[in-house]
Amino acid sequence: MLELLDLQQVELPQLKAQVEELCEKALLSREEKALVELRQLERFLHSPVGQRLCASKRVQRETAFTMLMEEQGVEVLVQGMLDAAFEEEDGWVLLDYKTGGRSRSDAELQQLYGQQLRCYRQAIERLWRVPVKEAYLCMLDSGRVVAV
């Protein structure tokens, strides 16, 4: 849903209409529609980071990448999918959407997903040749946004 969402229409009735339209266009199945939590989506889009995402003129969503990384002296081929990144005047902001983790502290989430976001940050900086100034875990079901 976050991949296809019109970021200029983020009020609850507009989100509901977008879901219906995506179903009509067969871009979202009825099963997927049943899983969309509109209030969680609205809460995220109205958060400070969500508002920055919506205000950005340049947003990348669901972007695949492949790159070689060195880990402990060995080159490793890494493939991944960036959930979202958006550009601001002084650099890019990386977002990784997650659910779950309600019982985990911010520090535990940073520990659990930090390496993944560091890899994504490195991919953006290396492949797009732009600085990433911030990275966040967006815990959609709890409404938390955790800096990494």
Side-chain angles (χ1 to χ4, degrees), residues 1-23 25 27-67 69-71 76 78-148:
M1 186 67 203
L2 284 161
E3 175 185 7
L4 302 171
L5 187 66
D6 178 347
L7 296 172
Q8 302 309 306
Q9 299 185 29
V10 298
E11 300 306 323
L12 196 56
Q14 295 169 323
L15 293 171
K16 190 177 259 186
Q18 286 190 67
V19 169
E20 292 302 327
E21 183 179 342
L22 291 171
C23 283
K25 291 180 177 179
L27 295 172
L28 196 66
S29 71
R30 292 285 168 204
E31 293 80 16
E32 290 168 327
K33 176 187 173 189
L35 297 174
V36 175
E37 297 286 345
L38 290 173
R39 293 208 185 278
Q40 290 176 6
L41 195 54
E42 180 190 40
R43 179 179 54 207
F44 166 67
L45 294 168
H46 285 89
S47 72
V49 168
Q51 289 178 340
R52 289 168 60 196
L53 168 68
C54 293
S56 177
K57 301 276 188 257
R58 189 162 175 212
V59 177
Q60 292 289 131
R61 295 187 261 187
E62 293 298 317
T63 305
F65 71 90
T66 303
M67 70 176 187
M69 291 184 70
E70 188 172 314
E71 291 225 359
V76 177
V78 177
Q79 293 181 317
M81 181 73 72
L82 303 171
D83 286 339
F86 61 92
E87 186 178 34
E88 293 182 324
E89 285 185 24
D90 57 342
W92 282 77
V93 178
L94 170 64
L95 304 179
D96 193 50
Y97 305 128
K98 302 284 187 206
T99 57
R102 284 182 184 269
S103 63
R104 296 183 188 265
S105 69
D106 287 0
E108 289 172 316
L109 292 169
Q110 290 164 337
Q111 176 70 27
L112 188 60
Y113 297 112
Q115 179 61 33
Q116 177 186 1
L117 264 70
R118 282 187 289 279
C119 177
Y120 289 178
R121 178 189 293 258
Q122 186 175 4
I124 290 172
E125 290 178 343
R126 188 185 301 172
L127 301 172
W128 298 353
R129 301 186 193 289
V130 296
V132 174
K133 64 178 190 164
E134 299 167 31
Y136 295 99
L137 289 170
C138 302
M139 308 305 292
L140 298 173
D141 55 351
S142 67
R144 291 165 52 202
V145 177
V146 180
V148 177

Query raised in the report: Stepwise, does the side chain to side chain contact (heavy atoms under 4.5 Å, CB included) test hold for Met139 with Arg104?
Result: CA-CA 11 Å; Met139 308 305 292; Arg104 296 183 188 265; over 6 Å; no
Do the side chains of [Y] and [X] get nearer than 4.5 Å, heavy atoms only?
X      : Y      : answer
Tyr120 : Asp96  : yes
Glu32  : Leu22  : no
Leu109 : Val148 : no
Asp106 : Arg144 : yes
Trp128 : Thr63  : yes
Lys33  : Met1   : no

Query raised in the report: Taking it one step at a time, do Gln18 and Leu15 satisfy side chain to side chain contact (heavy atoms under 4.5 Å, CB included)?
Result: CA-CA 5 Å; Gln18 286 190 67; Leu15 293 171; 4.1 Å; yes
If you look at every heavy atom in [X] and [Y], which pair is closest and at what distance?
X      : Y      : result
His46  : Val10  : CE1-O, 3.2 Å
Cys23  : Ser29  : SG-O, 4.0 Å
Leu117 : Ala135 : CD2-CB, 3.9 Å
Met81  : Phe65  : N-CE2, 3.9 Å
Arg39  : Leu12  : NH1-CD2, 2.9 Å

Query - Test: Lys98 and Asp83 ion pair at under 4.0 Å - result: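 Salt bridge flag = no for Asp83 with Lys98.
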Query - Leu2, Leu4, Leu5, Leu95 screened by side-chain contact (heavy atoms from CB on, under 4.5 Å) with Arg61, the one that passes - result: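 Only one option passes, and that is Leu5.
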When rounded to the nearest 0.5 angstrom, what is the spacing between [atom1] in [X] and [atom2] in [Y]?
X      : Y      : atom1 : atom2 : result
Glu62  : Glu3   : CD    : CD    : 4.5 Å
Leu28  : Glu21  : CG    : CD    : 11.5 Å
Leu94  : Leu82  : CG    : CG    : 6.5 Å
Leu127 : Gln122 : CG    : CD    : 9.0 Å

Report summary line: Residue pairs passing the salt bridge (charged side-chain N to carboxylate O under 4.0 Å, His left out) test with at least one member in residues 107-131, sequence neighbours excluded, are none
Would you say the side-chain atoms of [X] pair up with the backbone N or O of [Y], donor to acceptor, closer than 3.5 Å?
X      : Y      : answer
Asp141 : Gly100 : yes
Gln8   : Cys54  : yes
Arg52  : Ser47  : no
Glu88  : Val93  : no

Query - More than 12 heavy atoms from other groups under 6.0 Å of CD on Glu20 - result: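 Yes, enclosed.
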**Report entry** Flag if over 12 foreign heavy atoms under 6.0 Å of NZ, Lys133
**Finding:**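 Buried by this count: over 12 neighbours within 6.0 Å.
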